[in-house]
There are 2 protein chains.
Amino acid sequence: MRDIFNQELKQLGTDLASMAAQVATAIERAAESLRTGDIIVAEQVIDADERINDLQRDIDDMCVMLLARQQPVDRDLRNVISALRMAQTLERQGDLARHVAAIARGRYPLTPVPEPILGLMVKMADAAVRAGRDVRTLIETQDLELAAEIQRRDAELDALHRESFQMILDPEIELTRQQVVDAVLMGRFLERFGDHSTSVARRMAYLVSGITVPSD
Amino acid sequence: MRDIFNQELKQLGTDLASMAAQVATAIERAAESLRTGDIIVAEQVIDADERINDLQRDIDDMCVMLLARQQPVDRDLRNVISALRMAQTLERQGDLARHVAAIARGRYPLTPVPEPILGLMVKMADAAVRAGRDVRTLIETQDLELAAEIQRRDAELDALHRESFQMILDPEIELTRQQVVDAVLMGRFLERFGDHSTSVARRMAYLVSGITVPSD
């Protein structure tokens, strides 16, 4: 019984790591499509999101099955509950990467926003990419130092997000209304992507320590 | 043992209903502050969000405790897992109501957006209020007809959201950049509030039927 449970828990970890890897790839490609205007890459992100959603459903089902059949306690229980929540968060991050890619694609062959806002959005996207990669590593390593680092670094993304509003409102920078709309939405999607990374980091701290790290 | 468990499940239901009632009040007040520009009401929403967050943590802790101590199966298990997820969704809806109130407050004594966009945003807010009230009722009654109705009605909110972009991009309507920013964000927050209501409705369908209703 215990052997099967350990195997199933391991499978759950593998699936979660695979989901995190797919989300990291999605945000990498979304950032690339934003930087280069590559519409093929943008469409890859949009198409791949369905697989991320499928994986979440699989993980959800497996968690419920594990809770019902194995009735885990202590760290095993935290493991299953954390997987349930992290999968939900990763699914949402996949959606956000898809939204960013959709904006990049929507204005093709133009970029969605002009410089210097494009440069700032690329910086935000790069910060989101780092967060996505760190979350993938965190899920594989369960390294609480990295979890703390992810939470600290999110402040940089938030600062860039605030800066984006200053630029958007700067009358010296010429913008069409469509560009204002795109900049506001893209900034919001990237900022939320970062928030979700810190949410995974907090859940990892809970999983490993059993202590809930309060959210903001 | 079973008696205690039933009592605890009942308490969980009561806490979740209380959370849903607080979220419904939050979005009602956010809509009111948007319509009337009442800064006191806006601040009530912002202050009250902390209690919604506290309630989520309580529900989370209780769910984990119930899983560990009672090791429920079947419908009892679905009950606990659904509570865990619904509380997470309701917490997020509280945040979104707070964001709407913060925009209403931020432009005081002006309204954040001029007519006709204000009228459209009020319509969106009213739709969100109805969704919030329906979710409160749904959690109390577990009525699957109402769950289906909530999911159908969200299409109206989505249609209003699309209409908001048409208005924002209409050169005939005079808007400052700040107003464009506020309209985009407010529309997004209200649309997401509606999405979360449908998410609760889907989870209720799962809780009652044991069958997962696919998300979009």
Side-chain angles (χ1 to χ4, degrees), chain A residues 53-54 56-57 60-61 63-78 80-82 84-85 88-89 91-92 95 99 164-171 173-189 192 195-196 199 203 206 210 212-216, chain B residues 53-54 56-57 60-61 63-78 80-82 84-85 87-89 91-92 95 99 164-171 173-189 192 195-196 199 203 206 210 212 214-216:
Chain A
N53 297 345
D54 289 345
Q56 191 216 348
R57 273 190 288 274
D60 258 29
D61 290 347
C63 288
V64 174
M65 185 270 288
L66 277 172
L67 289 171
R69 277 210 340 237
Q70 304 280 358
Q71 312 192 320
V73 292
D74 297 332
R75 174 141 182 170
D76 289 338
L77 174 60
R78 292 204 306 273
V80 177
I81 290 178
S82 298
L84 203 62
R85 289 167 164 169
Q88 194 169 346
T89 302
E91 189 274 330
R92 191 69 208 129
D95 289 346
H99 292 338
S164 77
F165 285 117
Q166 284 166 17
M167 278 194 190
I168 292 166
L169 296 174
D170 182 348
I173 301 172
E174 271 190 46
L175 293 170
T176 65
R177 279 201 196 165
Q178 182 68 63
Q179 288 169 337
V180 174
V181 170
D182 285 346
V184 169
L185 287 178
M186 181 129 35
R188 172 79 186 157
F189 297 147
R192 287 297 298 156
D195 288 346
H196 287 300
S199 158
R203 296 196 186 295
Y206 163 76
T212 305
V213 179
S215 71
D216 320 314
Chain B
N53 296 345
D54 289 346
Q56 190 216 348
R57 273 190 289 275
D60 259 29
D61 289 347
C63 288
V64 173
M65 186 271 289
L66 278 171
L67 289 170
R69 278 212 336 238
Q70 305 280 358
Q71 311 191 322
V73 293
D74 297 332
R75 173 141 182 171
D76 290 337
L77 175 59
R78 292 206 304 275
V80 177
I81 290 178
S82 299
L84 204 60
R85 288 167 164 168
Q88 194 169 346
T89 302
E91 189 274 330
R92 192 68 209 130
D95 288 347
H99 292 339
S164 77
F165 286 118
Q166 284 166 17
M167 278 195 192
I168 291 166
L169 296 175
D170 183 348
I173 300 173
E174 273 190 45
L175 292 170
T176 65
R177 278 201 196 164
Q178 181 68 62
Q179 288 169 338
V180 174
V181 169
D182 285 345
V184 170
L185 288 177
M186 182 128 38
R188 173 79 186 158
F189 297 148
R192 287 297 297 156
D195 288 346
H196 287 300
S199 157
R203 296 196 186 295
Y206 163 76
T212 304
S215 70
D216 320 315

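Fair warning: this is a prediction, and the values are worked out from it, not measured in the lab. Sequence lines set the chain letters: A, B, ... in the order given, protein chains first and strands last, and positions in each chain run from 1.
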Exercise. Checking side chain to side chain contact (heavy atoms under 4.5 Å, CB included) for the pair A:Arg188/B:Phe189: CA distance, chi angles, key distance, verdict?
Worked result: CA-CA 11 Å; A:Arg188 172 79 186 157; B:Phe189 297 148; 3.5 Å; yes
Exercise. Are B:Asp60 and A:Tyr206 side-chain neighbours, meaning at least one heavy-atom pair lies under 4.5 Å?
Worked result: no
Exercise. Within a strict 4.5 Å, meaning less than it, do heavy atoms of the A:Leu84 and B:Arg85 side chains meet?
Worked result: yes
For this session: Tell me, for B:Asp54 versus chain A, whether the close heavy atoms (under 4.5 Å) come from the side chain, the backbone, both or neither.
Result: neither
Exercise. Rounded to the nearest 0.5 Å, what separation is found between the CG atom of B:Leu67 and the CG atom of A:Leu67?
Worked result: 5.5 Å
Problem set entry | Validation row: A:Gln71, B:Val73 side chains within 4.5 angstrom (heavy atoms) | yes
Problem set entry | Region of A:Leu77 that comes under 4.5 Å of a non-hydrogen atom in chain B | side chain
For this session: Please check if the side chain of A:Arg177 supplies one atom and the backbone of B:Asp170 the other of a donor-acceptor pair under 3.5 Å.
Result: yes
Seminar exercise, completed: In terms of heavy-atom pairs under 4.5 Å with chain A, the winner among B:Asp74, B:Val180, B:Val80, B:Leu175 is B:Leu175
Exercise. Side chain, backbone, both or neither: which part of B:Ile168 has a non-hydrogen atom closer than 4.5 Å to chain A?
Worked result: both
Exercise. Looking at A:Ala183, A:Pro171, A:Pro72, A:Ala68, which makes the most heavy-atom pairs under 4.5 Å with chain B?
Worked result: A:Ala68
